[in-house]
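FYI, the numbering just counts along the sequence from 1.
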Amino acid sequence: MEARKVNAANGWLWIKQGYWLFKKSPVLWVVLATIGVTGLLGISTIPVIGDPLATLLFPVLLAGYMCGCHALEHDKELELSHLFAGFHNNTSQLVTLGGISLISQMLILGVMMLAGGATLVSILMSGKPVNNPEILAQAATGAGIALMLGMALFSVLLMSMQFAPMLIIFEKMSPIDALKTSLLACLRNILPLSLYGGMMLLFMMIATMPVMLGWLVLLPVMISSMYAIYRNLFPTPTEIAMALEGEIITRDQ
């Protein structure tokens, strides 16, 4: 399955479409987003196994949100049960995806350590807040190459994970195929995704100002806009058939 290549202006369109999905059920969206984030944060606080477990479960949680978006798109109700839909739909594949993400993160951190960023990685993996910013700044300065290499590798991982849960639950792809397809989709649409990311960064800054209250709206919009991006880049079989039919008609004329 190959993703469409769309215009850069679609980056703003995705945010508008995400907000449109949010407006269909705003109160429940806030509730679902709050429960999901609180749950993941709670799991991550469990000693030793917390962070790995949260990473494993993240694709499962995201898949549930995407099922909710799919329901709203087809004029159905968003329900609390959508939060757990990922536990009833391709769960093993989604957990495998989380496992691949976890292993990839560990490998990237290992590469950073070998490239001279051992001090920085140790600080990041300690899980403890850094009270002295100068310590973090010095560690980052001393790990210039490792930091750039890590950012590049984490960017590739992020792009690979971007649409993978959706491709697993809606297209029934294997985790590896979903990761490859997601990465290629992001590379083909790097400009609109960059615009989308820049706009979201601006909205994050604005949402943080009023005592973080803006996140009650922004977080659900971020979730629903991810579905909007997926639907725009990956056409349904019906849309593909209609496009082919349109091409045939145009050629005949």
Side-chain angles (χ1 to χ4, degrees), residues 1-26 29-30 32-33 36-37 58-59 61-74 78 97 101 148 150-171 173 178-210 212-240 242-243 246:
M1 186 176 192
E2 187 175 356
R4 288 184 179 125
K5 185 176 182 180
V6 299
N7 296 325
N10 283 43
W12 172 242
L13 178 63
W14 297 331
I15 298 176
K16 291 174 62 178
Q17 291 174 337
Y19 183 66
W20 175 76
L21 287 171
F22 168 75
K23 287 197 304 180
K24 280 178 167 281
S25 187
W29 260 125
V30 171
L32 290 177
V37 171
F58 178 76
L61 177 65
L62 184 60
Y65 286 133
M66 295 302 102
C67 289
C69 291
H70 186 266
L72 288 173
E73 182 189 20
H74 292 83
L78 180 66
L97 182 65
S101 175
M148 289 187 292
M151 290 176 63
L153 292 175
F154 273 114
S155 295
V156 172
L157 177 60
L158 179 62
M159 289 188 289
S160 299
M161 292 292 296
Q162 182 76 24
F163 307 113
M166 294 81 121
L167 292 167
I168 287 175
I169 59 173
F170 296 129
E171 309 300 335
M173 286 189 179
L179 288 166
K180 292 178 181 177
T181 303
S182 177
L183 176 59
L184 291 175
C186 289
L187 293 176
R188 289 196 71 189
N189 293 278
I190 197 70
L191 288 180
L193 286 171
S194 297
L195 176 61
Y196 169 82
M199 293 298 299
M200 275 301 177
L201 184 59
L202 176 61
F203 288 136
M204 288 177 190
M205 296 171 61
I206 297 173
T208 303
M209 292 178 186
M212 304 288 287
L213 292 177
W215 280 92
L216 293 175
V217 173
L218 182 59
L219 186 57
V221 171
M222 289 176 66
I223 294 170
S224 55
S225 64
M226 288 178 63
Y227 178 80
I229 300 173
Y230 164 75
R231 284 292 292 112
N232 186 213
L233 298 187
F234 295 94
T236 63
T238 302
E239 290 172 335
I240 295 174
M242 291 177 63

- request: List the steps and the verdict of side-chain contact (heavy atoms from CB on, under 4.5 Å) for Trp14 and Leu233.
  value: CA-CA 11 Å; Trp14 297 331; Leu233 298 187; 4.0 Å; yes
Shortest non-hydrogen contact from [X] toward [Y]:
X	Y	result
Gly18	Ser224	O-OG, 2.7 Å
Glu73	Leu21	N-CD2, 4.1 Å
Pro220	Val217	CD-O, 3.1 Å

message: Working note: Tyr196 + Ser225, criterion side-chain contact (heavy atoms from CB on, under 4.5 Å); need CA distance, chi angles, decisive distance, verdict.
response: CA-CA 10 Å; Tyr196 169 82; Ser225 64; 2.6 Å; yes
message: I'd like to check the side chain to side chain contact (heavy atoms under 4.5 Å, CB included) partners of Leu195; sequence neighbours left out, ordered by chain and number.
response: Met199
What's the spacing between [X] [atom1] and [Y] [atom2] if we round to 0.5 Å?
X	Y	atom1	atom2	result
Leu183	Leu179	CG	CG	8.5 Å
Asn10	Asn189	CG	CG	8.0 Å
Met200	Met205	CE	CE	15.0 Å

Heavy-atom neighbours of [X] [atom1] exceed 12 at 6.0 Å:
X	atom1	result
Phe154	CZ	yes
Met151	CE	no
Lys24	NZ	yes

query: Given the rule in the side-chain contact (heavy atoms from CB on, under 4.5 Å) test, do Val37 and Trp215 qualify, once you have shown the distances and angles that lead to the verdict?
result: CA-CA 11 Å; Val37 171; Trp215 280 92; over 6 Å; no
message: Would Leu218 and Ile206 count as a side-chain contact (heavy atoms from CB on, under 4.5 Å) here? Give the steps.
response: CA-CA 10 Å; Leu218 182 59; Ile206 297 173; over 6 Å; no
Could you pull out every donor-acceptor pair under 3.5 Å between side chains of residues 157-170 and any protein atom, sequence neighbours left out?
residue: Ser160; atom: OG; partner: Val156; partner atom: O; Å: 2.9

